[in-house]
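Here the structure comes first, spelled out in structure tokens, and everything after it is commentary.
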Amino acid sequence: MSKSTAEQSEPIHVEDADHLNDLLSEHAVVLVDYYADWCGPCKMLEPTVEEIASETDAVVLKVDIDELQELAQERGIRSVPTLEFYANGEQAERLIGVQDKADLIEIVEDLS
């Protein structure tokens, strides 16, 4: 594992599609959290997502669907929160809605 991955303990705010693609290709295991500020379930999930960033080897990316509407449309995001897991740049899993932390950590560990 590269040193920078181990030190990445906080979610990264995605700025645009290129930024997202670069991050997906740079890291072995990535969790992408598509969210909106007005979304109650997203707020409920936020502490869990932050804990996954600090407690696992996964790099966590946050995508604001209001800020990046085109990216969300390209990725087929129709509801929030949507969580996507990537392993070595390939999408491995997609979950919609608030999820249990243990289930999310299990997915990360399976992909690691």
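Note that this is a predicted model, so its numbers are computed, not measured.
Distance CD1/Ile65 to CG/Asp33: 10.5 Å, rounded to 0.5 Å. Annotation: the span from Leu83 atom CG to Leu61 atom CG amounts to 11.5 Å, rounded to 0.5 Å. Expressed to the nearest 0.5 Å, how far CD of Glu93 lies from CG of Leu104 amounts to 9.5 Å. Note that the SG atom of Cys39 and the CG atom of Asp37 stand 9.5 Å from one another [nearest 0.5 Å]. Note: Thr82 OG1 to Ile96 CD1 = 4.5 Å, rounded to the nearest 0.5 Å. For the atom pair OG1 of Thr56 and CD1 of Ile107, the computed distance is 11.5 Å after rounding to the nearest 0.5 Å.
Looking at every heavy atom in both residues, Pro81 comes nearest to Cys42 through N-SG, 3.6 Å. Summarising the geometry of Asp16 relative to Leu68, their closest heavy-atom pair is CA-CD2, 4.1 Å, with the distance given to 0.1 Å. Here the closest heavy-atom approach between residue Lys101 and residue Glu55 is recorded as NZ-OE1, 3.0 Å.
The main-chain N or O of Gly97 is found under 3.5 Å from a side-chain atom of Gln99 such that the two form a donor-acceptor pair.
Taking 4.5 Å as the limit, every side-chain heavy atom of Val32 sits out of range of all side-chain heavy atoms of Gln91. Put simply, the side chain of His13 reaches to within 4.5 Å of the side chain of Asp64, judged on heavy atoms. In this structure, Val49 and Lys62 have side chains that are in contact, with non-hydrogen atoms separated by less than 4.5 Å.
By the rule that hydrophobic residues join a cluster once side-chain heavy atoms approach within less than 4.5 Å of another member, Ile77 and Val30 end up as members of one cluster. Linking Ile, Leu, Val, Met, Phe, Trp and Tyr residues whenever their side-chain heavy atoms come within less than 4.5 Å leaves Leu45 and Tyr35 in two separate clusters. In the hydrophobic cluster analysis, where Ile, Leu, Val, Met, Phe, Trp and Tyr join through side-chain heavy atoms closer than 4.5 angstrom, Val59 is grouped together with Leu24.
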task: Let me see the working for Leu71 and Leu20 under side-chain contact (heavy atoms from CB on, under 4.5 Å), right down to the final yes or no.
output: CA-CA 9 Å; Leu71 174 61; Leu20 176 64; 3.9 Å; yes
query: Would Leu111 and Tyr86 satisfy side-chain contact (heavy atoms from CB on, under 4.5 Å), going step by step from the backbone distance to the final call?
result: CA-CA 8 Å; Leu111 297 175; Tyr86 289 82; over 6 Å; no
- request: Quick one: do Glu51 and Ile105 satisfy side-chain contact (heavy atoms from CB on, under 4.5 Å)? Show the steps, please.
  value: CA-CA 10 Å; Glu51 288 166 12; Ile105 288 177; over 6 Å; no
- prompt: Are Phe85 and Val108 close enough, and set up right, to give a side-chain contact (heavy atoms from CB on, under 4.5 Å), and what steps lead you there?
  reply: CA-CA 8 Å; Phe85 292 85; Val108 169; 3.8 Å; yes
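Annotation for Arg94: atom CZ counts as buried by contact number, over 12 foreign heavy atoms lying within 6.0 Å.
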